[in-house]
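Remarks on the structure that follows.
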Amino acid sequence: AVVSTQSTGDNSAPNAVWASFIANIHQCLHVVISISPTGSNFKRYCRMHPAILANSFIDFYSEWPEAALLAVAKTFFKNNQLDKIIANTKSVATSSAIKEKLAPVCVQIHIFVQKVIDEYRVKANRHFHITPSSYLELLQHFVAMLRKQNKHLTFSRQRLVNGIKALNMSSNMIERMSEELIALEPQLEHKANLTLQLMKKLDEEKISV
C-alpha cells in the first residue's frame, strides 16, 4: 500500500511514514468488540481498559425480536435433526404438529422470562441480564432433555414389547400343551384302568397265597 505523507521535511523519513500510517489508522480503522454484559467480565474489562468507556460507543443488543427468536429456534431444531428425535410417534400428522409447536413454545418461554426479569428489576432494583446466548442454551437444554427422555421411553417401550412377546410365547406353549393333554386323555384313562386291574389282580393273588 502507498502511504502518503505531508510535505514536512523528508517524505521518505521513517518517522513521517509511521506518523502518516498512524493517522490513517485513526481515521479508517474501526474495531467492533462483542462482550456479554452478564457476569463480572464486562466490569473487569472496563476497569482494565478505560478506553472502552472513554473512546468508544456502547450499544446494548439485549433483546431479539420475536420473529428472530422463532427463526433461530426453527433453524436450531432443523440442524439438530429434531425430526428423528420425535419420529417414534405413531402418526406422521402428530409428529408434524409437535414439531410446528416446539419453536413457538420456546419463544414464549424466553419472552415470559424477559418479562419476569423486568418485574424483578422494578421491585428489587436489581438487573439480571438475559442474553441471546441464554436463549441458545435454552434450546440446547431442551433438545438434550428431549433426547434423554426419548431414549428412556424407547428403552421402556422395548422392555414392554419384549415382555408381551414372552407372555404370548408362554400362552401359546400352554395352549399347545393343553391340546396335547386333551389328545392323550383317552390313552391316560386306558393306562389308568390297566393299572387298576393289575393292582386288583395282585391283591387277589396275595389273598390266595
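Nothing fancy with the numbering, it's 1 onward along the sequence.
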Open item on the list: Quick check on E66: does its CD atom have over 12 non-hydrogen neighbours (other residues, nucleotides or ligands) under 6.0 Å away?
Closed with: no

Task: CG on N162 to CZ on R159, rounded to 0.5 Å - done: 9.5 Å

Open item on the list: Taking CZ in R44 as the centre, count heavy atoms belonging to other residues, nucleotides or ligands within less than 6.0 Å. Is the count above 12?
Closed with: yes

- [ ] State whether a side-chain donor-acceptor pair under 3.5 Å links N193 with Q197.
- [x] no

TODO: Before giving the answer on salt bridge (Lys or Arg N to Asp or Glu O under 4.0 Å), spell out for K115 and D118 the whole-Å C-alpha distance, their side-chain angles and the decisive distance to 0.1 Å.
DONE: CA-CA 5 Å; K115 291 181 180 179; D118 294 338; over 6 Å; no

Open item on the list: Could you report the tightest heavy-atom contact between C106 and Y135, atom names first, then the distance?
Closed with: O-CE1, 3.7 Å

Open item on the list: When you group the ILVMFWY residues by side-chain heavy-atom contacts below 4.5 Å and let the links chain together, are I109 and Y120 in the same group?
Closed with: no

Could you list the donor-acceptor pairs under 3.5 angstrom formed by side chains in residues 166-177, with sequence neighbours left out?
from : atom 1 : to   : atom 2 : distance (Å)
N168 : ND2    : I164 : O      : 3.2
S170 : OG     : A166 : O      : 3.0
N172 : ND2    : N168 : O      : 3.1

TODO: Find the distance between NZ (K148) and CG (L153) and round it off to the nearest 0.5 Å.
DONE: 12.5 Å

- [ ] Supply the members, apart from L202, of the Ile/Leu/Val/Met/Phe/Trp/Tyr cluster built from side-chain contacts under 4.5 Å; use none for a lone residue.
- [x] L198

Task: L160 side chain near S156 side chain, heavy-atom distance below 4.5 Å - done: no

Task: Flag side-chain contact, heavy atom, 4.5 Å: H26 against I22 - done: yes

Open item on the list: Assigning hydrophobic clusters by single linkage (Ile, Leu, Val, Met, Phe, Trp, Tyr; side-chain heavy-atom cutoff under 4.5 Å), is L102 placed with L136?
Closed with: yes

- [ ] Find out if a path of hydrophobic residues (ILVMFWY) with successive side-chain heavy-atom gaps under 4.5 Å connects I25 to V31.
- [x] yes

- [ ] Supply the atom-to-atom distance K151 NZ to T154 OG1, rounded to the nearest 0.5 angstrom.
- [x] 10.0 Å

Open item on the list: Rounded at 0.5 Å granularity, tell me how far CZ in R147 sits from CZ in F142.
Closed with: 12.0 Å

- [ ] Side-chain contact test, heavy atoms from C-beta onward, threshold under 4.5 Å: evaluate it for F21 versus V17 and give yes or no.
- [x] no

- [ ] With rounding to the nearest 0.5 Å, note down the distance linking NE2 in H190 to CG in L188.
- [x] 11.0 Å

TODO: Report yes if some heavy atom in the side chain of L138 is under 4.5 Å from a heavy atom in the side chain of V113; otherwise report no.
DONE: no

Task: Minimum heavy-atom distance A103-L70, with the two atoms named - done: CB-CD1, 3.7 Å

